[in-house]
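Here the structure is laid out as C-alpha cells; the discussion comes afterwards.
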Amino acid sequence: MLLEGKRVLVTGASAGIGRAVAIGCARHGADVAINYGRDTAGAESAVAEIKALGRKGVAVQGDVADPETARSFIAVAVDALGGVDVLVSNAGICPFHAFLDMPVETFERTMRVNLHGAYFMVQAAANQMVRQGQGGAIIAMSSISALVGGEYQTHYTPTKAGLLSLMQSTAIALGKHGIRCNALLPGTILTEINKDDLADQTKRTYMESRIPLGRLGQPEDMVGPTVFLASDLAQYVTGAALLVDGGAFVNLQ
Ligand SMILES: NC(=O)C1=CN([C@@H]2O[C@H](COP(=O)(O)OP(=O)(O)OC[C@H]3O[C@@H](n4cnc5c(N)ncnc54)[C@H](OP(=O)(O)O)[C@@H]3O)[C@@H](O)[C@H]2O)C=CC1
Ligand SMILES: C[C@H](O)[C@@H]1OC(=O)[C@H](O)[C@@H]1O
C-alpha cells in the first residue's frame, strides 16, 4: 500500500483522469477528497467507490476558477480527513477552437480554469501543508501539450506549459518545507474532453498511428505515475516532468 495513511486531494474528479486517479489512490491506501464542477452524480459515485475500498471519501463542489473554491476545498478536506498530504491539481477544460476567431470568453475561461485555478489550489494546499509541518506532494496534470502545439488548442497549450512552469517554480519555493512539486504530462487519453475531437475517425487513426505502444491512453494509465509521484518512493523527485504518452512525443518518424 504505497499511499497508506496519506490524505489525497484531487480536483476535477467527477470523471475522466481525475476520477480514475482518485479511486486509484484509494486503492493504494489513501483517504481521498475530490473537487468537481457540475457532475454531482459522477462525484458521488466516485466517493462511493472510494468508500467501498474501505477509505474515507468526500466530494466538494466548486468552480476552481474562483479562488474561494480552493479555500473551501482545503477546509472541508481537512475537516473530513484530518489534513492534506497530497494535492493532484487536475481540473481542466479544452474547448477546441480555431485561433483567428478565438472568442475572448473561451480564451479567458480556459486560462482561468486551467492555470489560475491550479495556482489557487496549489497555493491553498501548500499553505495547509506548511501549517502541518510534515511536507507533502503536489502534482499538476499538465500535458504533452506543454511541449508541443495544437492548431485548435492555442488557448489551451499555454495553460499546460504554464502548469509545468508552476511546478518548477513551486518546487523551488516549497522545497525548504519538504513539499515536492511535479508535473504529469499525459498524451492523448480517451475521456469526455476529446470525445468530439476524436469522433473524426481519420484524426483518431492518425493519432493512434503516432503512438509506439499502439493505442490511445485510458484514464487508468495515469494512476501508476500519480501514485508513484505521491508516494515516498519519489522522496527525492521534485521539479520533474513525467511524460505518460505511450511514446507519442519521441515519435518523429
Ligand atoms: N484527456 C487527455 O487527453 C488529456 C487530459 N489532460 C488534462 O487532464 C485533466 C483532466 O482531463 P480529462 O479527464 O481528460 O477531462 P474530463 O472532461 O473527462 O474531466 C474533467 C474534470 O474536470 C472537472 N472540471 C472541469 N472544469 C472544472 C471547474 N471549473 N472546476 C472544477 N472542476 C472542473 C470536471 O468536472 P465536472 O464535469 O463535474 O464539471 C471533470 O471532473 C485536464 O487538466 C486536462 O487538460 C492532459 C493531457 C491529455
Ligand atoms: C484534449 C486533447 O485531446 C488532449 O489534451 C491534451 O492535453 C493532449 O495533448 C491532447 O491534445
Any [X] side-chain heavy atom under 4.5 Å of [Y] side chain:
X	Y	answer
Ser209	Tyr206	yes
Met111	Pro158	yes
Leu87	Gln128	no
Pro95	His155	yes
Ile23	Ile50	yes
Leu147	Leu164	yes
Leu115	Arg112	no

Backbone N or O of [Y] within a donor-acceptor pair of the [X] side chain at under 3.5 Å?
X	Y	value
Ser143	Leu185	no
Arg204	Leu198	no
Asn114	Lys160	no
Gln61	Thr40	no
Asp245	Pro186	no
Asn90	Gly12	yes
Ser165	Ala161	no
Asn127	Gln123	yes
Ser142	Leu163	no
Ser72	Thr69	yes

[X] versus [Y], closest heavy-atom pair with distance:
X	Y	result
Ala248	Ile144	CB-CD1, 4.3 Å
Leu9	Ala77	CD2-CB, 3.6 Å
Gly57	Lys51	O-CE, 3.3 Å
Val227	Gly24	CG2-O, 4.4 Å
Ile193	Phe96	O-CE1, 3.8 Å
Arg19	Ala46	NH1-N, 3.5 Å

Residues two or more places apart in sequence or in another chain: which of them pass side-chain contact (heavy atoms from CB on, under 4.5 Å) with Ala59?
Ile34, Tyr36, Ala43, Val47

Mind checking side-chain contact (heavy atoms from CB on, under 4.5 Å) for Ser231 and listing every partner two or more places apart, or none if nothing turns up?
Leu2, Leu3, Leu233

Other residues, nucleotides and ligands only: do more than 12 of their heavy atoms fall within 6.0 Å of [atom1] on [X]?
X	atom1	result
Phe120	CZ	yes
Gln201	CD	yes
Gln218	CD	yes

Salt-bridge criterion met for [X] and [Y] (N-O under 4.0 Å):
X	Y	value
Asp63	Arg109	yes
Asp221	Arg215	yes
Asp85	Arg7	yes
Glu49	Arg55	no

Step by step, would you call Met129 with Ile138 a side-chain contact (heavy atoms from CB on, under 4.5 Å)?
CA-CA 10 Å; Met129 290 171 184; Ile138 295 174; 4.0 Å; yes

At what distance, to the nearest 0.5 angstrom, does CG of Asn182 lie from CD of Gln168?
10.0 Å

